[in-house]
K.L.:
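So that we are looking at the same thing, I have put the structure below in structure tokens.
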Amino acid sequence: MNVIKGVVAAPKARVAIAIARFNNFINDSLLDGAIDALDRIGQVAEENITVVWVPGAYELPLVVKALVETKKYDAVIALGTVIRGGTAHFEYVAGECSSGLSHVAMNSDVPVTFGVLTTENIEQAIERAGTKAGNKGAEAALTALEMINVIKAVKGK
């Protein structure tokens, strides 16, 4: 039986992080978690990490697509936060962000990971950015690292 399992150490990986400025009081913690996971667990060199800031979560799919198309990166991590408000804005932004990132991922050989919080309120966002519910930025980084190694193994590289 041939079993392929990913590992998270990827010292030579080149990783881009696309991050939204909107709700940066939460997103800064997601970014810190992602960089910490890439460094401490993935052993990715600092010079192999690129951070690209965009206005908001809605803009993430376009910049992630552009990053993937450069063929400079082994994985791209998308980070952001969309917090429900009193209007339908949440559904549009969260839905289009998720759909757009999924579309980029499915049409590329580069792993794209989803570290975009979609929460009901600020408290839930804070919990997922490094308190009770862990740090979803770190989780997205670990997923990116594992997917880099899984894709390499599947392709026999």
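A quick note: this is a predicted structure, and the numbers were derived from the prediction, not measured. In what follows, residues are counted from 1 in the order of the sequence shown.
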K.L.:
Check whether any side-chain heavy atom of I122 lies under 4.5 Å from a side-chain heavy atom of I83, and answer yes or no.
P.N.:
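Yes, close enough: below the 4.5 Å cut-off.
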K.L.:
Between V15 and V76, is there a shared hydrophobic cluster once you connect ILVMFWY residues whose side-chain heavy atoms come closer than 4.5 Å?
P.N.:
no
K.L.:
Check E146 with K5, please: is the shortest side-chain N to carboxylate O separation under 4.0 Å?
P.N.:
no
K.L.:
If you compare all heavy atoms of A34 against all heavy atoms of A141, which two are closest, and at what distance to 0.1 Å?
P.N.:
O-CB, 3.6 Å
K.L.:
Report yes if the side chains of L145 and V44 come closer than 4.5 Å at any heavy-atom pair, otherwise no.
P.N.:
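Counting from C-beta outward, L145 and V44 do come under 4.5 Å.
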K.L.:
Just do the side chain to side chain contact (heavy atoms under 4.5 Å, CB included) check on I126 and I26 with the steps written out, would you?
P.N.:
CA-CA 6 Å; I126 291 168; I26 299 293; 3.5 Å; yes
K.L.:
Is there a path of hydrophobic side-chain contacts, each under 4.5 Å between heavy atoms of I/L/V/M/F/W/Y residues, joining I77 to L117?
P.N.:
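Cluster IDs for L117 and I77 match.
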K.L.:
When you measure from the side chain of S102 to the backbone of S98, do you find a donor-acceptor pair of N or O atoms at a distance under 3.5 Å?
P.N.:
no
K.L.:
Taking the side chain from D39 and the backbone from I35, do they hold a donor-acceptor pair closer than 3.5 Å?
P.N.:
no
K.L.:
So that I can tick it off, tell me whether K155 and D109 are bridged by a salt bridge, with the cut-off set at under 4.0 angstrom between side-chain N and carboxylate O.
P.N.:
yes
K.L.:
With the side chain counted from C-beta on, respond yes when T118 and F90 share a heavy-atom pair under 4.5 Å apart, and no when they do not.
P.N.:
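Yes, their side chains come closer than 4.5 Å.
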K.L.:
Tell me whether L101 is reachable from I151 by hopping between hydrophobic residues (I, L, V, M, F, W, Y) whose side-chain heavy atoms are closer than 4.5 Å.
P.N.:
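No, separate clusters.
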K.L.:
Once rounded to the nearest 0.5 Å, what's the spacing between atom NZ of K136 and atom CD of E127?
P.N.:
10.5 Å
K.L.:
Following the transitive rule for hydrophobic clusters with a side-chain heavy-atom cut-off under 4.5 Å over Ile, Leu, Val, Met, Phe, Trp and Tyr, establish whether I148 and V104 coincide in one cluster.
P.N.:
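No, because I148 and V104 fall into different hydrophobic clusters, even though each may have its own neighbours under 4.5 Å.
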K.L.:
Does CD in E47 sit with more than 12 non-hydrogen atoms of other residues, nucleotides or ligands closer than 6.0 Å?
P.N.:
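Result for CD/E47: enclosed.
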K.L.:
Give the other cluster members for F22, using side-chain heavy-atom distances under 4.5 Å between Ile, Leu, Val, Met, Phe, Trp and Tyr residues; answer none if it is isolated.
P.N.:
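None, because no other hydrophobic side chain comes under 4.5 Å of this residue.
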K.L.:
Taking the side chain as everything from C-beta on, heavy atoms only, tell me whether R84 gets closer than 4.5 Å to H89.
P.N.:
no
K.L.:
Can you check whether T119 reaches R128 side chain to side chain, under 4.5 Å on heavy atoms?
P.N.:
yes
K.L.:
Please report the interatomic distance OG(S108) to NZ(K71), rounded to the nearest 0.5 Å.
P.N.:
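Answer for the OG-NZ pair, S108 versus K71, is 7.5 Å.
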K.L.:
So with a 6.0 Å cut-off around OH of Y92, is the heavy-atom count from everything else above 12?
P.N.:
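Counting neighbours around OH of Y92, 12 or fewer heavy atoms of other residues, nucleotides or ligands fall under 6.0 Å, so no.
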K.L.:
Side-chain atoms of residues 48-70: list all donor-acceptor pairs with protein atoms under 3.5 Å, sequence neighbours left out, distances to 0.1 Å.
P.N.:
unit_1	atom_1	unit_2	atom_2	d
N48	ND2	A13	O	3.4
T50	OG1	Y73	OH	3.4
E59	OE1	G56	N	2.9
K65	NZ	E69	OE2	2.9
T70	OG1	L67	O	2.7
T70	OG1	K72	N	3.2

K.L.:
Pairs in or reaching into residues 15-30: which pass side-chain hydrogen bond (donor to acceptor under 3.5 Å, both in side chains), with residues at least two apart or in two chains?
P.N.:
N27-T81
K.L.:
When you group the ILVMFWY residues by side-chain heavy-atom contacts below 4.5 Å and let the links chain together, are I17 and L30 in the same group?
P.N.:
yes
K.L.:
Shortest non-hydrogen contact from N149 to A10?
P.N.:
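So the two residues come closest at ND2-CB, 4.1 Å.
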